[in-house]
Amino acid sequence: MGSLEEERTTVGWAARDPSGILSPYTYNLRHTGPDDVYIKVHYCGICHSDLHQIKNDLGMSNYPMVPGHEVVGEVLEVGSNVSRFRVGEVVGVGLLVGCCKNCGPCQSDIEQYCSKKIWSYNDVYVDGKPTQGGFAETMIVEQKFVVKIPEGLAPEQAAPLLCAGVTVYSPLSHFGLKEKGLRGGILGLGGVGHMGVKIAKAFGHHVTVISSSDKKKQEALEHLGADQYLVSSDATAMQEAADSLDYIIDTVPVGHPLEPYLSLLKLDGKLILMGVINTPLQFVSPMVMLGRKSITGSFIGSMKETEEMLEFWKEKELSSMIEVVNMDYINKAFERLEKNDVRYRFVVDVKGSKLEE
């Protein structure tokens, strides 16, 4: 680790308290170590979990906090051990910036399940200093947690893939749900949900979007290419769809009943939870037992899966539906995100924003 004299400063937008209001904040970055990549941030996506963190919804927030974990930028400098990245290349950073490298998950290249993983913000790095995220001018990240953005993939398009995209890709890959012809459900059509529709369709699945109202029906069917749209409060339609899905990706980030959705699954169907929810979920056990159904979860994806998913996205010529905003709009963007008023992911143009007051 570099000494204090070697540290450099950067400017980010930080929350100071659970109001979640972000404003300019100057802080130190460590010197570029042998395994580090020094990155100028160009774009950073806004994820619903950022909202949880800045508002201390999970009771674990430390301030000042610079959020942001869907980061795309340009390499400014690399450490002496870094050979995979060169100055000037476009790279990405996701939710993690550290792991123990010795446990079972780390040895199996699924470091997102390491019990000693280090989050890209609201955590403490190995040098004892707080980690800060991507709503900032620059970042220093260990090379293991940096990925190349494939040539031809627009950086603002790539940003949401580093969390939302790989969050969907990983369980479909892990649970053997990549084969053509499967029938999948996407519960909740937000940032992760819209990625779910795009990726599942690209795998050749029949995709049903499940939502609490019909207000997103036209968008789901016409703009995103879903095959079917199901309103969860329509008892007749839900009954007709019973036992029809191989899996459901549940992206809803607030408490909700599971039983209506378990009934939609076929024998051996999987309900895959992805929303960060801080209240207990309930179901009666026969709903699972009588169809040998599984309720499981999945957390982002590994670095290998992130690289795979980026190549898959480019190969299939997919695109994210995003709204690009400047940093001075970020507090309004969080307000709108809280009301689900975004189609479907905000991406902050950090490079094009004035970060200092």
Side-chain angles (χ1 to χ4, degrees), residues 37-47 68-78 82-96 109 120 133-139 141 143-170 172-173 178 180 191-205 207 219 222-226 300-326 342-353:
V37 181
Y38 181 38
I39 300 165
K40 178 177 175 58
V41 179
H42 287 188
Y43 293 93
C44 186
I46 301 180
C47 176
H69 59 261
E70 296 180 336
V71 183
V72 175
E74 175 189 349
V75 177
L76 294 179
E77 183 181 41
V78 297
V82 177
S83 57
R84 291 173 54 224
F85 304 103
R86 293 191 190 91
V87 171
E89 283 186 324
V90 180
V91 295
V93 179
L95 191 53
L96 302 183
D109 290 322
S120 57
F135 297 134
E137 195 172 38
T138 50
M139 290 180 81
V141 182
Q143 63 172 330
K144 176 178 173 58
F145 298 94
V146 179
V147 291
K148 278 185 188 173
I149 301 300
E151 277 185 39
L153 195 55
E156 67 275 20
Q157 281 280 321
L161 302 178
L162 299 166
C163 174
V166 75
T167 291
V168 172
Y169 183 90
S170 176
L172 292 179
S173 177
K178 287 163 80 171
K180 276 187 177 176
V192 176
H194 107 279
M195 290 288 183
V197 176
K198 296 241 175 189
I199 290 172
K201 285 298 296 178
F203 281 138
H205 297 178
V207 177
E219 294 166 36
E222 294 178 17
H223 301 165
L224 295 175
I300 52 169
S302 66
M303 300 312 298
K304 281 190 171 179
E305 286 171 325
T306 303
E307 288 171 343
E308 256 181 51
M309 180 268 313
L310 287 167
E311 289 298 339
F312 173 80
W313 192 268
K314 185 190 171 189
E315 176 199 328
K316 298 291 185 181
E317 299 181 339
L318 303 178
S319 62
S320 318
M321 290 182 71
I322 58 174
E323 182 176 336
V324 178
V325 299
N326 278 350
V342 56
R343 301 292 185 271
Y344 282 94
R345 199 67 153 188
F346 283 116
V347 175
V348 179
D349 178 359
V350 179
K351 182 185 174 189
S353 298

Asks: Can you list the residues that meet the side chain to side chain donor-acceptor pair (under 3.5 Å) rule with Lys316, with sequence neighbours excluded?
Replies: none
Asks: Who are the side chain to side chain donor-acceptor pair (under 3.5 Å) partners of Glu222, not counting sequence neighbours?
Replies: Gln218
Asks: Who are the side chain to side chain donor-acceptor pair (under 3.5 Å) partners of Thr138, not counting sequence neighbours?
Replies: Thr10
Asks: Can you list every salt bridge (charged side-chain N to carboxylate O under 4.0 Å, His left out) pair that touches residues 148-170, not counting sequence neighbours?
Replies: Glu89-Lys148
Asks: Residues in side chain to side chain donor-acceptor pair (under 3.5 Å) with Glu77, at least two apart?
Replies: Arg8, Thr32
Asks: Please identify each residue that fulfils side chain to side chain contact (heavy atoms under 4.5 Å, CB included) with Glu311, with sequence neighbours left out.
Replies: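 Partners of Glu311 under the side chain to side chain contact (heavy atoms under 4.5 Å, CB included) test: Pro150.
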Asks: Going by the rule side chain to side chain contact (heavy atoms under 4.5 Å, CB included), which residues pair with Ala158 if we only count those two or more places apart in sequence or in a different chain?
Replies: Val72, Ile149, Leu153
Asks: Not counting sequence neighbours, which residues clear side chain to side chain contact (heavy atoms under 4.5 Å, CB included) with Ser170? List them please.
Replies: Gln112, Ser298, Glu305
Asks: Suppose we screen for salt bridge (charged side-chain N to carboxylate O under 4.0 Å, His left out). Which residues come up paired with Lys144, at least two apart in sequence or across chains?
Replies: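 Only Glu111 meet the salt bridge (charged side-chain N to carboxylate O under 4.0 Å, His left out) criterion with Lys144.
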Asks: With sequence neighbours excluded, tell me which residues meet side chain to side chain contact (heavy atoms under 4.5 Å, CB included) with Asp109.
Replies: Lys304
Asks: Please name all residues satisfying salt bridge (charged side-chain N to carboxylate O under 4.0 Å, His left out) with Lys178, sequence neighbours left out, ordered by chain then number.
Replies: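 Counting only residues at least two positions away or on another chain, Lys178 forms no salt bridge (charged side-chain N to carboxylate O under 4.0 Å, His left out).
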Asks: Can you list the residues that meet the salt bridge (charged side-chain N to carboxylate O under 4.0 Å, His left out) rule with Glu219, with sequence neighbours excluded?
Replies: Arg343
